[in-house]
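Working notes, beginning with the structure itself.
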Amino acid sequence: MESTSKLNTTPNKTTTTAGVHNDNEDPYPSLSDCHDYEPNLEFDDTELQHTAGAPELLQDDILSLGGGLDYLESPVSDGTIEDNFEAELLNAPTRAFDSLSYPYVDEEEEEEDFSDVSMYGIVEVMGDDTAGRRVIVVSACRLPSNKELDHQRLLRYLMYTLDKFVEQDYSLVYFHHGLTSKNKPTISWMWQAYCAFDRKYKKNLKALYLVHPTNFIRIIWRIFRAVISVKFGRKMMYVNCLNELSQYLNLDQISIPQPVLEHDERLMAKNSRLSSVSPTPATTQSPPPLPTQQFGVSLQFIKENHDREVIPPLVRQCVEYLSTPDALETEGLFRRSANVTKVKELQAKVNQGQPIEFNGDVHIAAVLLKTFLRELEEPIMTFDLYDEITQFQSVPNDERPRHVKILILEKLPEDNYQVLKYIVRFLSKVMDRCDLNKMTSSNLAVVFGPNLVWSQSGQLSLSAIAPINVFTDFVLRHHDQIFII
């Protein structure tokens, strides 16, 4: 057997720890008047300038879609009919929107080509947040003119993207700056989009951050409020500046368009109340790591400061805990998020060298393991192998076993190889209980692929998701033939 090679890698990835709310904490405030700071409108919103006519505006739009008006007199107040409340509120049959659905496509079927939409970078998928949720970013400033973009294709593209992640908890960030009269979708389209995103999309959405809101957002909220359940409304949150967003997300791991950064700087300069706060906390220099630190450092650093142990102590503790029968048989293992406050508390203890306990919370241990992998300075599969992995789908099926063995056995550094083998063999135990935990190799690949492979920029492009997942799924299914005993 050929020995694995050593690669000298230079850490380039600086990470910070930021919290994200979840259902175990206080619910999100809905879009209310809790924020007293409101940027000025920067686009033409004449179609919304009706002091008392906003409901009528929505009525006209719904009528144009074939709907009725009676629902306005019976607003949803308790979220109890969230599963099918659009059908309850509209006279038009829900199948009017079925053509917009974009179900999972069988591998044998050809997927719709969205290259003409994806090239704008309107939607991007980032790493997991500190609660173990995938982060999806939508940037209004990247919307082209309405003359250039078919909004129906944009809607199908959004659904195509979300379909890859709606089976697990996720967060959505919407950068509102840059929406103008030239690229703004119609209210009819917005309503159509809301109806198209049925319960499967809303159920596992844990947070919707509306960054740099303007009066346009408030008016839209006022119009749609009658048909949005309280439960969903609590997931929506105003975020007036990037510094505020950094309280919930790690800004190092999301792509913020340059126009948004510049807009934020202008807002901060104008607002004396927030002028003393840095508008770009992601660029602040982090203090040197403690010798006991395990999150946000390299595997080599951990090894040198923990008795030359190849397997990081936290990884071993999480895996041993999750290998118990009760943990392995937990439905949704690695797909559910955990209490953010508790996760941050345990991360801090780990970095300070203090012992931690999971106290029977399987999802805490699962999130800590995923977070550890994602916050490494360099991914387990290294930056050097990123291009080869993202081209994996182009490798003929009969060549894939040899190709993967070369990547893992020959090109992967020894320490990375040992950690990968340790984690994959544990995940094989998870797959053995998939009849109970519902975590098949493909489901685990969706969860772990982006935590084992990412580019040096820290971003995950949509075009890279499929090959990374296919590669990870292949490794999980063929682990016995890949790894040396």
Side-chain angles (χ1 to χ4, degrees), residues 4-18 118-119 121 123-130 134-137 139 142 164 173 242 246 249-258 260-261 280-286 288-289 293-303 312 370-395 403-404 406-408 410-417 419-420 423 445-472 475:
T4 56
S5 61
K6 304 288 183 181
L7 299 180
N8 294 324
T9 58
T10 302
N12 289 307
K13 187 167 177 283
T14 303
T15 59
T16 59
T17 301
S118 63
M119 68 178 183
V123 184
E124 293 181 298
V125 181
M126 306 302 165
D128 293 348
D129 58 30
T130 54
R134 191 59 43 80
V135 179
I136 299 175
V137 176
S139 303
R142 291 176 173 167
K164 301 174 183 297
V173 177
L242 295 181
S246 69
L249 300 175
N250 185 344
L251 298 190
D252 281 339
Q253 294 188 7
I254 66 174
S255 174
I256 304 176
Q258 188 61 34
V260 173
L261 290 172
T280 54
T283 62
T284 58
Q285 186 174 3
S286 301
Q293 189 162 334
Q294 294 186 62
F295 287 94
V297 293
S298 65
L299 289 177
Q300 186 63 30
F301 178 90
I302 298 173
K303 179 179 177 180
K370 290 192 299 179
T371 303
F372 170 84
L373 294 174
R374 183 61 197 178
E375 292 193 0
L376 283 170
E377 287 187 342
E378 184 175 33
I380 294 293
M381 292 306 300
T382 74
F383 294 132
D384 290 341
L385 300 182
Y386 177 80
D387 289 340
E388 291 186 72
I389 292 173
T390 53
Q391 296 170 9
F392 185 70
Q393 282 183 304
S394 64
V395 177
H403 184 77
V404 170
I406 291 175
L407 286 178
I408 293 178
E410 298 181 14
K411 297 186 177 182
L412 199 63
E414 176 65 21
D415 289 349
N416 296 51
Y417 168 82
V419 174
L420 179 65
I423 292 173
V446 170
V447 173
F448 276 89
N451 292 320
L452 297 172
V453 185
W454 66 82
S455 69
Q456 200 153 0
S457 68
Q459 302 174 18
L460 182 63
S461 65
L462 290 175
S463 61
I465 293 174
I468 288 175
N469 290 347
V470 170
F471 171 83
T472 306
V475 172

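Remember, predicted model here, so these are calculated numbers, not experimental data.
Contact detail for T390 and A464: the closest heavy-atom pair is CG2-CB, 3.9 Å. When all heavy atoms are compared, the tightest approach of G296 to E377 is O-CG, 3.5 Å. The shortest heavy-atom contact between I302 and P312 is CG2-CB, 4.0 Å. A pairwise comparison of heavy atoms in E375 and F295 identifies OE1-CB, 3.8 Å as the closest pair. Minimum heavy-atom separation, V297 to P289: CG1-CB, 3.8 Å.
A side-chain donor-acceptor contact under 3.5 Å links E378 to the backbone of F383. Checked by atom type and distance alone, the side chain of N451 never pairs as donor or acceptor with a backbone atom of R374 at under 3.5 Å.
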**Request:** Output, in order, the C-alpha distance, side-chain angles, deciding distance and verdict of side-chain contact (heavy atoms from CB on, under 4.5 Å) for L420 and N416.
**Result:** CA-CA 6 Å; L420 179 65; N416 296 51; over 6 Å; no
**Item:** Full working for side-chain contact (heavy atoms from CB on, under 4.5 Å) between V137 and V123
**Value:** CA-CA 6 Å; V137 176; V123 184; over 6 Å; no
**Verdict with reasoning, L412 to T382, per side-chain contact (heavy atoms from CB on, under 4.5 Å)** = CA-CA 8 Å; L412 199 63; T382 74; 4.1 Å; yes
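Taking the side-chain hydrogen bond (donor to acceptor under 3.5 Å, both in side chains) definition, one finds that E388 meets it with K411, sequence neighbours left out. Under the rule for a side chain to side chain contact (heavy atoms under 4.5 Å, CB included), the partners of V446 that lie at least two apart in sequence or sit in another chain are Q168, N469. The side-chain hydrogen bond (donor to acceptor under 3.5 Å, both in side chains) search around Q391 returns none, not counting sequence neighbours. The ring pair (Phe, Tyr, Trp, His ring centres under 6.0 Å) test applied to F392 returns F471, F474, not counting sequence neighbours. Looking at residues two or more places apart in sequence or on another chain, you find a side chain to side chain contact (heavy atoms under 4.5 Å, CB included) between P257 and S139, C141, R142, F175, P259, V260.
Here the CZ-CG distance, from F372 to L299, works out to 5.5 Å after rounding to the nearest 0.5 Å. In this structure, L242 CG and I256 CD1 are separated by 5.0 Å, a value rounded to the nearest 0.5 Å. In this structure, CG on L385 lies 9.0 Å from CD1 on I408, to the nearest 0.5 angstrom. Rounded to the nearest 0.5 angstrom, I406 CD1 and H403 NE2 are separated by 7.5 Å. Here the straight-line distance linking atom CE of M381 with atom OH of Y386 works out to 13.0 Å at 0.5 Å rounding. With rounding to the nearest 0.5 Å, the separation of OG1 in T371 from CG in L373 is 9.0 Å.
Counting heavy atoms from C-beta outward, V125 and R134 have side chains that approach closer than 4.5 Å. A heavy-atom distance below 4.5 Å is not found between the side chains of L452 and P379.
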